[in-house]
Undergrad: 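The structure is given below, and queries will be raised subsequently.
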Amino acid sequence: ASGVYTYYATLTLAMAAATAGQTIEMFADVTATSVVTIKPDVIIQGNGHTYVYSGNTGDVFATSAGAGTFTYYFNNLTIKRANTATSTGVIFSGDGTAFTTTINFKFSSVYIIYTTTTGTASIITTTGFGIYGWSFDGVDVIGNSSAALFPGSFAVNNIKNSRIENTGTGGCISTPNITGGCSYENCYIKNASGTGIFCNYPSDVIRNCTGISSTGVAFGGQS
């Protein structure tokens, strides 16, 4: 409130002290090896810096907000997972309460890079049946997965205003196979092989999207 900064040595410590409506600013590039549990409505302002996760296992950011609808904000930041030998762990992991949790990620000038030497390289995963739905808005993602960067799960997917590229053998997005209503709007999808967006239900929507595939399929699905 006084406009005076309080400085913290790690993002984990800053996040622990932050409350809804506050902003955490980065003033340098950061390399970390432990997961950060993020809080709803706390803005991470990267100021053009890079947050590198150098561990081979574990998740980079985790949510555990309970029941309700929650929004997480990331601005002007490059997030890089520098895996070298394994794909255990993701960029974002979500945990909820019996289909009563909806998670929204709001990005502004955010670039996510996730590479592995073998296996899958997912961007997000949900724990069990805890998440009803999640959304990604305004993010630039590149990975080299042997499966979808955004894998099918028990949650409804909503992705818009984003650029997603998979340079590996897998696709970019796989929709859940037990529920419908997923939507993909104003997205640029590029995959080397596999399927860019694979839909499982007629109620899934692809609108104003560009799909480019080198040897696979840009858009595919089944009912």
Side-chain angles (χ1 to χ4, degrees), residues 29 44 46 48-54 56 59-61 72-94 103-126 134-153 155-176 182-200 204-221:
D29 295 344
I44 297 179
H49 292 291
T50 299
Y51 186 88
V52 178
Y53 184 91
S54 60
N56 276 332
D59 305 320
V60 182
F61 300 106
Y72 301 87
Y73 297 89
F74 292 79
N75 298 333
N76 198 16
L77 177 66
T78 295
I79 301 169
K80 182 177 181 180
R81 182 170 187 127
N83 281 53
T84 57
T86 179
S87 58
T88 302
V90 296
I91 302 293
F92 300 100
S93 64
I103 294 176
N104 301 312
F105 289 95
K106 299 288 187 179
F107 301 98
S108 177
S109 300
V110 172
Y111 185 34
I112 296 176
I113 307 170
Y114 189 176
T115 60
T116 61
T117 55
T118 60
T120 61
S122 300
I123 301 302
I124 188 170
T125 187
T126 58
W134 55 264
S135 68
F136 272 62
D137 187 355
V139 68
D140 193 343
V141 172
I142 185 168
N144 67 333
S145 182
S146 61
L149 296 176
F150 292 83
S153 65
V156 176
N157 308 332
N158 295 285
I159 303 177
K160 59 183 180 179
N161 306 316
S162 297
R163 182 184 186 278
I164 301 166
E165 179 178 357
N166 189 356
T167 62
T169 59
C172 291
I173 300 168
S174 177
T175 68
C182 298
S183 65
Y184 310 97
E185 301 184 43
N186 304 320
C187 291
Y188 176 92
I189 308 295
K190 184 177 181 180
N191 55 300
S193 60
T195 303
I197 299 179
F198 186 86
C199 295
N200 278 289
D204 293 335
V205 174
I206 301 175
R207 181 181 293 116
N208 297 328
C209 292
T210 297
I212 298 176
S213 181
S214 299
T215 61
V217 177
F219 306 119

Undergrad: To the nearest 0.5 Å, what is the distance between CG (Asn76) and NE2 (His49)?
TA: 9.0 Å
Undergrad: Quick one: are the ring centres of Phe136 and Phe92 less than 6.0 Å apart?
TA: yes
Undergrad: Just verifying a value: how many Å separate Lys80 NZ and Ile112 CD1, rounded to the nearest 0.5 Å?
TA: 14.0 Å
Undergrad: Answer whether the closest heavy-atom distance between the side chains of Cys187 and Ser162 falls below 4.5 Å.
TA: yes
Undergrad: Of all residues at least two apart in sequence or in a different chain, which pass the salt bridge (charged side-chain N to carboxylate O under 4.0 Å, His left out) check with Asp29?
TA: none
Undergrad: Distance check, rounded to the nearest 0.5 Å: Asn161 atom CG versus Lys106 atom NZ?
TA: 8.5 Å
Undergrad: Counting only N and O atoms by type, is there a donor-acceptor contact under 3.5 Å from the side chain of Asn166 to the main-chain atoms of Gly171?
TA: yes
Undergrad: Using a 4.5 Å cut-off on heavy atoms from C-beta on, say whether the side chain of Asn208 contacts that of Glu185.
TA: no
Undergrad: Atom CD1 of Ile91 and atom CD1 of Ile113: how far apart are they, to the nearest 0.5 Å?
TA: 9.5 Å
Undergrad: For Val205, check side chain to side chain contact (heavy atoms under 4.5 Å, CB included) against everything at least two apart and list the hits.
TA: Ser183, Arg207
Undergrad: Side-chain contact, heavy-atom cut-off 4.5 Å: Val90 with Ile124?
TA: no
Undergrad: Do Phe61 and Phe105 have their ring centres less than 6.0 Å from each other?
TA: no
Undergrad: With Cys172, which of Ile159, Val141, Asn191 fulfils side-chain contact (heavy atoms from CB on, under 4.5 Å)?
TA: Asn191
Undergrad: Can you confirm whether Leu149 sits close enough to Tyr114 that some side-chain heavy atom of one is under 4.5 Å from a side-chain heavy atom of the other?
TA: no
Undergrad: Distance-only, no hydrogens or angles: does the Thr116 side chain make a donor-acceptor pair with backbone N or O of Ser145 under 3.5 Å?
TA: no
Undergrad: Applying side chain to side chain contact (heavy atoms under 4.5 Å, CB included) to Ile142 and Tyr111, what does each step give before you reach the verdict?
TA: CA-CA 8 Å; Ile142 185 168; Tyr111 185 34; 3.4 Å; yes
Undergrad: Are the side chains of Asn157 and Trp134 in touch, meaning some heavy atoms are under 4.5 Å apart?
TA: yes
Undergrad: So, do Phe198 and Val217 sit near enough that their side-chain heavy atoms are less than 4.5 Å apart?
TA: no
Undergrad: Between Ser135 and Asn104, does any side-chain donor sit less than 3.5 Å from a side-chain acceptor?
TA: yes
Undergrad: Look up atom NZ in Lys160 and atom CG in Asn186, then write down how far apart they are to the nearest 0.5 Å.
TA: 8.5 Å
Undergrad: Counting N and O atoms only, with roles assigned by atom type, does the side chain of Thr167 sit under 3.5 Å from a partner on the main chain of Gly143, one being a donor and the other an acceptor?
TA: yes
